[in-house]
Amino acid sequence: MARRRNASWFSALSAGLLLALTGCGGSGTAASTQDEHVVMEDERLDALMAQVEKVGLVEWHGQLLTKNPDNGGKRIFDLDGRFSPSTGYSELSMDSAIDGNLQQVDYLVVAGRTYFNSEAWGPNAAECWADITDDPARSWGLPTDLDPTWPVTAARAVRVAGEGVAVGVPAKAVLTGMPRGLFPTVPPALNGVEARAVVTPHGHLIEVGVDVLTMWSQVPRAELAAIQTRKAGWWAMTMKESQNEAAIVPPKFVFDPAVTPPSQCKRG
């Protein structure tokens, strides 16, 4: 799977989303009534929903940081993926830097089974996969909800934001849309809590920025003390129609790396 790393793209995206998230929105002098503004916001979100519903294979890139990079946020990991809405199958690639431990892993989720492939196995094992369906320690990088369109489909329109729309996204959707190892369950204290986000269309591409850090401020201090928030403060992503029309299919070779060396996986 191709992996994209474009620092200038991400800096520009983050800066634009920060302005949209913090902007007041509207001059107060427009002739439109408040109800008309609400209709405009809802129509804009409806158009985005219609756009993602038409996508056959969703290609997406997500990046989680400790907080907004303009405020010194540090990258935690990147996820690149393709998702098939018709089958629920996913291909994902994760680059992680949690606690300074650099790791790259590919995931494949097909028919309810989860598989992974590591770059440490070498190029000869590129088609070889280990079944980790029942191994939470190795599948922690996968989102609980594999459908990456959650910032649009679960959102509530708040106001127009430039060419996009500012939305509120339920905290549950935010946490289940990020790697499950960070938040294996959704804390009850997050019921009714929303994260601020901005969703912006750019032709066939949709950009998303979710202010997770501000979401935590809505949780009472006593409950917040029991939630590990330091590793999730800012989520940025893009999604579009995949240019790779190949279907997501079951792995070609499945082996147990504890029994068969990766170099011999095609014989296992």
Side-chain angles (χ1 to χ4, degrees), residues 9-26 37-38 40-53 55 58-71 73 75-79 81 83 143-179 182-183 186-187 189-203 205-219 227 229 231-240:
W9 160 83
F10 184 68
S11 296
L13 170 61
S14 300
L17 291 172
L18 178 62
L19 288 174
L21 285 168
T22 57
C24 60
H37 278 302
V38 171
M40 184 182 296
E41 293 151 0
D42 288 342
E43 286 180 345
R44 196 166 288 190
L45 181 58
D46 287 344
L48 287 166
M49 288 185 179
Q51 182 173 339
V52 299
E53 287 174 357
V55 176
V58 184
E59 181 179 312
W60 63 280
H61 171 81
Q63 188 174 67
L64 184 67
L65 298 97
T66 54
K67 56 183 177 180
N68 188 288
D70 291 340
N71 296 325
R75 181 180 74 90
I76 297 172
F77 60 76
D78 294 86
L79 280 173
F83 172 76
T144 301
D145 181 2
L146 294 169
D147 185 343
T149 64
W150 58 267
V152 175
T153 56
R156 174 182 65 86
V158 175
R159 67 176 183 277
V160 171
E163 296 300 317
V165 57
V167 299
V169 183
K172 179 179 180 180
V174 175
L175 297 194
T176 57
M178 297 190 298
L182 297 175
F183 304 98
V186 179
L190 289 174
N191 290 336
V193 172
E194 285 186 337
R196 296 188 302 178
V198 171
V199 184
T200 307
H202 293 285
L205 181 73
I206 296 176
E207 294 180 343
V208 177
V210 184
D211 187 355
V212 187
L213 191 62
T214 301
M215 181 182 79
W216 301 127
S217 67
Q218 303 176 52
V219 182
I227 303 174
T229 64
K231 293 180 179 177
W234 184 272
W235 177 258
M237 68 180 294
T238 63
M239 66 182 88
K240 64 179 181 179

Asks: Hey, what do you get for CD1 (Ile76) to CG (Leu182), rounding to the nearest 0.5 Å?
Replies: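 Result: 7.0 Å between the selected atoms.
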
Asks: Should Phe83 and Val55 be marked as a side chain to side chain contact (heavy atoms under 4.5 Å, CB included) after you check the CA-CA gap, both sets of side-chain angles, and the distance that decides it?
Replies: CA-CA 10 Å; Phe83 172 76; Val55 176; over 6 Å; no

Asks: With side-chain contact (heavy atoms from CB on, under 4.5 Å) as the test, pick out the partner of Ile206 among Thr200, Thr238, Thr149, Val199.
Replies: Val199

Asks: Is there a side-chain contact between Val212 and Trp234 in this structure, where contact means two heavy atoms from C-beta onward sitting under 4.5 Å apart?
Replies: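 They are not in side-chain contact.
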
Asks: Under a 3.5 Å distance rule, please check whether Gln51 uses its side chain to pair with a backbone N or O of Gly203 as donor and acceptor.
Replies: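 Checking the backbone N and O of Gly203 against the side chain of Gln51, a donor-acceptor pair under 3.5 Å is found.
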
Asks: Which pair of non-hydrogen atoms, one from Val167 and one from Val158, has the smallest distance, and what is that distance?
Replies: C-CG2, 3.7 Å

Asks: Within this structure, what is the CD-NZ distance for the pair Glu59 and Lys240, rounded to the nearest 0.5 Å?
Replies: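 The distance works out to 4.5 Å.
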
Asks: Mind checking what makes side chain to side chain donor-acceptor pair (under 3.5 Å) contact with Glu194, not counting sequence neighbours?
Replies: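 Checked Glu194 against side chain to side chain donor-acceptor pair (under 3.5 Å); matches are Arg156.
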
Asks: Can you check whether Gln63 reaches Arg75 side chain to side chain, under 4.5 Å on heavy atoms?
Replies: yes

Asks: Closest approach of Gly73 and Thr66, non-hydrogen atoms and distance?
Replies: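 In terms of heavy atoms, the two residues are closest at CA-OG1, 3.4 Å.
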
Asks: With side chain to side chain contact (heavy atoms under 4.5 Å, CB included) as the test, would you mind laying out the steps for Val52 and Val58 before giving the verdict?
Replies: CA-CA 8 Å; Val52 299; Val58 184; over 6 Å; no

Asks: What distance do Met40 atom CE and Glu43 atom CD have between them, rounded to the nearest 0.5 Å?
Replies: 8.0 Å

Asks: Answer whether the closest heavy-atom distance between the side chains of Asp78 and His61 falls below 4.5 Å.
Replies: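 The answer is yes; the side chains approach within 4.5 Å.
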
Asks: Rounded to the nearest 0.5 Å, how far apart are CG of Asp145 and CG of Leu175?
Replies: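 Reported value, rounded in 0.5 Å steps: 12.0 Å.
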
Asks: Say whether, by atom type as modelled, one donor and one acceptor occur between the side chain of Lys67 and the main chain of Asn71 under 3.5 angstrom.
Replies: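 Such a contact is found between Lys67 side chain and Asn71 backbone.
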
Asks: Please give me the minimum heavy-atom distance between Leu79 and Pro179, naming the atom from each residue.
Replies: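 Answer, listing the atom of Leu79 first, then Pro179: CD1-CG, 4.0 Å.
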
Asks: Spell out, as yes or no, whether a donor-acceptor pair under 3.5 Å connects the side chain of Ser217 to the backbone of Thr214.
Replies: yes

Asks: From Trp235 CH2 over to Met178 CE, what is the distance, rounded to the nearest 0.5 angstrom?
Replies: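 One finds 7.5 Å between CH2 of Trp235 and CE of Met178.
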
Asks: Considering non-hydrogen atoms only, spot the tightest contact between Glu207 and His202 and give its length.
Replies: OE1-NE2, 3.1 Å

Asks: Give the intermediate values and the outcome of side chain to side chain contact (heavy atoms under 4.5 Å, CB included) for residues Val165 and Arg159.
Replies: CA-CA 6 Å; Val165 57; Arg159 67 176 183 277; over 6 Å; no

Asks: Which atom names give the shortest non-hydrogen contact between Pro148 and Met237, and what distance separates them?
Replies: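 Nearest heavy atoms, Pro148 then Met237: O-CE, 3.5 Å.
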
Asks: Any heavy-atom pair between the side chains of Pro143 and Thr176 that's under 4.5 Å?
Replies: no

Asks: Indicate yes or no: at least one non-hydrogen side-chain atom of Met215 is less than 4.5 angstrom from one of Val193.
Replies: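 Result yes, sub-4.5 Å side-chain heavy-atom pair found.
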
Asks: Decide yes or no for Pro201 and Leu48: does some side-chain heavy atom of the first lie under 4.5 Å from some side-chain heavy atom of the second?
Replies: yes

Asks: What is the minimum heavy-atom distance between Leu64 and Gly233, and which atoms define it?
Replies: CD1-N, 4.3 Å

Asks: Side chains of Trp150 and Val174: closer than 4.5 Å at any heavy-atom pair?
Replies: yes

